[in-house]
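Nothing here was measured: the structure is a model prediction, and the numbers come from that model. Counting starts at 1 for both ligands and their atoms, in listed order. Residues: numbered from 1 along the sequence shown.
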Amino acid sequence: MKIFCIGRNYVDHAKELNNPVPTEPIIFMKPPTALVVGNKPFYFPDFTKDLHYEGEIVLRICKNGRQVEPEFASRYYDAIGFGIDFTARDLQQHLKQNGHPWEIAKAFDRSAPLGSFVLLENLRNPADIHFQLKKNGEVVQDGHTRDLIFPFDALICHISRYFTLQKGDYIFTGTPAGVGPVQIGDVLEGFVEDQLLLKCAIK
Ligand code: ZN
């Protein structure tokens with residue numbers, strides 16, 4: 001199982017971190033040891049002082065494929081979930097400044113809490129999914145997938161040029177504006193169309 005993540009896939013988020021808007025999807029990966037499932041708590045790691053949440057819509061891959069053509073891309077995912085791409089922003093800034101890979105800032109153990117999934121066919125409007133992240137009950141991120149720079153199908157095509165997609169892989173599709181820090185004691189909740197899919201307590 002592989003976890004693909006997309007960086008800067010919403011214009012408003014690229015701008016809030018003073019990053020340029022990409023012309024191609026920015027892909028990075030997390031190992032299976034990054035996953036936290038079953039709404040288990042997240043334990044604040046000791047190597048960062050600036051841990052950020054990034055709430056994201058996650059695609060579940062349902063079919064193996066490589067070099068997928070655009071007209072077939074939508075057959076490769078069947079459900080969406082809500083995930084958090086936890087990021088040690090202080091480590092990431094340092095690594096980026098030095099031109100180094102940012103794995104330790106993004107792909108560390110338990111850096112990817114992932115909630116339950118909704119079948120695409122059960123969504124009101126799969127072409128524009130509304131999602132929200134609440135921190136301690138307050139909305140901190142509010143996104144619509146119509147604002148994706150690279151929509152789901154484009155991601156399937158692009159990723160599968162380089163990596164074979166396999167059933168059971170996940171794609172974290174990027175975060176909208178509103179990322180911010182968490183502290184021990186915070187509770188994050190991920191909603192898709194008003195349905196609570198993920199709960200994550202920071203311990
Ligand atoms: Zn992210």
Side-chain angles (χ1 to χ4, degrees), residues 1-37 42 44-45 48 50-61 77 80-96 100-115 117 129-135 139-152 154-156 158-159 162-163 169-182 186 188-192 197-198 200 202:
M1 186 272 288
K2 304 188 289 304
I3 305 166
F4 299 99
C5 300
I6 309 301
R8 302 174 208 163
N9 205 9
Y10 290 87
V11 171
D12 54 356
H13 170 62
K15 286 189 174 156
E16 76 179 340
L17 295 184
N18 293 316
N19 286 315
V21 175
T23 53
E24 279 206 327
I26 296 171
I27 300 172
F28 60 97
M29 292 168 81
K30 299 194 187 220
T33 44
L35 275 189
V36 180
V37 294
F42 173 87
F44 199 105
T48 178
D50 192 23
L51 183 76
H52 277 204
Y53 57 79
E54 294 188 357
E56 310 198 0
I57 292 290
V58 179
L59 302 183
R60 185 175 74 186
I61 301 300
Y77 53 94
I80 61 120
F82 193 102
I84 297 172
D85 166 20
F86 272 123
T87 303
R89 198 68 75 197
D90 44 359
L91 293 186
Q92 188 197 28
Q93 283 305 118
H94 183 73
L95 293 162
K96 275 166 67 180
H100 293 157
W102 65 34
E103 263 83 354
I104 61 165
K106 282 232 178 230
F108 55 86
D109 285 353
R110 309 172 69 85
S111 58
L114 182 60
F117 279 79
I129 301 162
H130 177 224
F131 62 107
Q132 287 184 318
L133 181 71
K134 290 186 185 175
K135 182 171 108 170
V139 177
V140 287
Q141 291 190 284
D142 186 300
H144 286 269
T145 58
R146 64 169 182 244
D147 297 326
L148 283 165
I149 300 170
F150 303 102
F152 298 159
L155 296 178
I156 296 287
H158 190 79
I159 291 171
Y162 304 93
F163 303 98
D169 288 349
Y170 296 113
I171 303 175
F172 281 60
T173 58
T175 197
V179 301
V182 290
D186 286 343
L188 301 174
E189 293 170 305
F191 293 83
V192 170
L197 294 189
L198 173 71
C200 176
I202 316 294

Tell me which donor-acceptor pairs under 3.5 Å the side chains of residues 107-114 have, and how far apart each pair is, sequence neighbours excluded?
from	atom 1	to	atom 2	distance (Å)
Arg110	NH2	Pro41	O	2.9
Ser111	OG	Lys30	NZ	3.3
Ser111	OG	Lys106	O	3.0
Ser111	OG	Phe108	O	2.7

Problem set entry | Pair Phe117-Tyr77, ring-ring contact (aromatic ring centres under 6.0 Å, His included): steps then yes or no | CA-CA 12 Å; Phe117 279 79; Tyr77 53 94; over 10 Å; no
Exercise. Would you say His144 has more than 12 foreign heavy atoms packed within less than 6.0 Å of its NE2?
Worked result: yes
Exercise. How long is the span from the CD1 atom in Ile6 to the CD1 atom in Ile57, to the nearest 0.5 Å?
Worked result: 14.0 Å
Exercise. Close to the Zn ion (ligand 1), meaning under 2.8 Å, how many protein N, O or S atoms are there?
Worked result: 3
Exercise. Just by distance, with hydrogens left out, do His52 and Asp85 show a side-chain donor and acceptor under 3.5 Å apart?
Worked result: no
For this session: Kindly assign one of parallel, tilted or perpendicular to the pair Phe131 and Tyr10, based on the angle between their ring planes and the thresholds 30° and 60°.
Result: tilted
